[in-house]
Amino acid sequence: MESKKTDQAKHQVLIVDLNNFSRYPTLSVGYLSSILKNNGAQVDVLSPLFFGVHGFPRNVKEPRGYHYLKFLNHIGATSENRFLKFLYDKIKNVRKKDKSILQRTIVSAFQEQIKNKKPDIVLISAYTMYFDVTSVIAGICDDHNIPLIVGGNSFVIPEIAQKWSVIRGVTVVFAGEPEAILNRMVDDVLLGNDISHYQGVYEDGGKAI
């Protein structure tokens with residue numbers, strides 16, 4: 001892949017923070033942004049929290065009676081009773097609709113960012129729950145010839161990293177802590193250089209050693 005810009009100071013980087021498990025953008029994404037900016041890159045961050053997507057609470061006490069709901073969910077998922085299956089499918093369809101709305105919201109915001117900022121490269125930090133929306137974003141990147149690096153805690157599991165690395169439009173999946181090599185890796189990806197020497201890199205289903 002040929003670089004649109006070879007001067008690191010002119011890199012336009014978009015970081016997509018798909019980690020809305022708090023009320024604020026992820027601190028680690030702030031570190032990555034700072035590293036890139038200190039090396040002269042122009043960085044924008046896109047987080048679902050910026051456009052109305054609520055964060056998921058962590059380590060909260062279960063509401064009273066919540067375990068009964070989990071039990072009923074299990075019954076609905078495994079029961080052969082037609083009425084129970086009907087109710088379960090109705091609830092599941094509502095959840096699918098909510099997920100679809102969330103995906104459209106994120107993708108729409110991403111498309112606006114691509115249109116307005118015209119990034120040279122996109123970095124996504126994500127959990128596995130965002131596989132579908134990442135696939136859509138990756139396709140948009142591919143259509144615009146924008147390289148895409150995907151990273152996150154889950155990619156230390158080889159099977160997950162390999163699955164994500166073959167998504168159309170994903171240039172590389174990175175598993176590990178990128179701070180020490182981030183600027184060099186971004187530069188090499190934009191220049192179309194070989195990046196197989198970076199430990200933790202997955203390309204097209206294969207892992208660089």
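Reckoned from all heavy atoms, side chains included, excluding hydrogens, waters and symmetry mates.
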* **Chi angles and distances behind the side-chain contact (heavy atoms from CB on, under 4.5 Å) call for Phe110, Cys141** => CA-CA 10 Å; Phe110 179 76; Cys141 288; 3.7 Å; yes
* Asked: Should the heavy atoms of other residues, nucleotides or ligands under 6.0 Å from CZ of Phe131 be counted, would the total exceed 12?
  -> yes
* To do: Check whether any side-chain heavy atom of Ile140 sits under 4.5 Å from a side-chain heavy atom of Gln111, and report yes or no.
  => yes
* Main-chain N/O of Gly30 paired with Ser34 side-chain donor or acceptor, under 3.5 Å -> no
* Would a 4.5 Å heavy-atom cut-off, applied to side chains only, mark Ile106 and Ile137 as touching? -> yes
* Asked: Looking at Tyr202 and Pro158, what are the two nearest heavy atoms and their distance?
  -> OH-CA, 3.5 Å
* **Side chain proximity check, Ile15 to Asp44, heavy atoms < 4.5 angstrom** => no
* To do: Would you mind reporting whether Ile124 and Leu148 have side-chain heavy atoms less than 4.5 Å apart?
  => yes
* Please report the shortest heavy-atom distance between Asp188 and Tyr198, naming the atom on each side. => OD2-OH, 2.6 Å
* Any idea which heavy atoms bring Ala126 and Tyr130 closest together, and the distance? -> CB-CB, 4.4 Å
* Asked: Just wondering, are more than 12 heavy atoms of other shown residues or ligands nearer than 6.0 Å to CD in Glu177?
  -> no
* Side-chain contact, heavy-atom cut-off 4.5 Å: Val45 with Val29? -> yes
* With a 4.5 Å heavy-atom cut-off, do Leu14 and Lys117 have their side chains touching? -> no
* Distance-minimising heavy-atom pair for Val16 and Val122 -> CG2-CG1, 4.0 Å
* To do: Kindly give the heavy-atom pair with the smallest separation between Leu32 and Pro178, and that separation in Å.
  => CD2-CG, 3.7 Å
* To do: Report yes or no: does Asn39 contribute a side-chain atom to a donor-acceptor pair with the main-chain N or O of Asn183 at less than 3.5 Å?
  => no
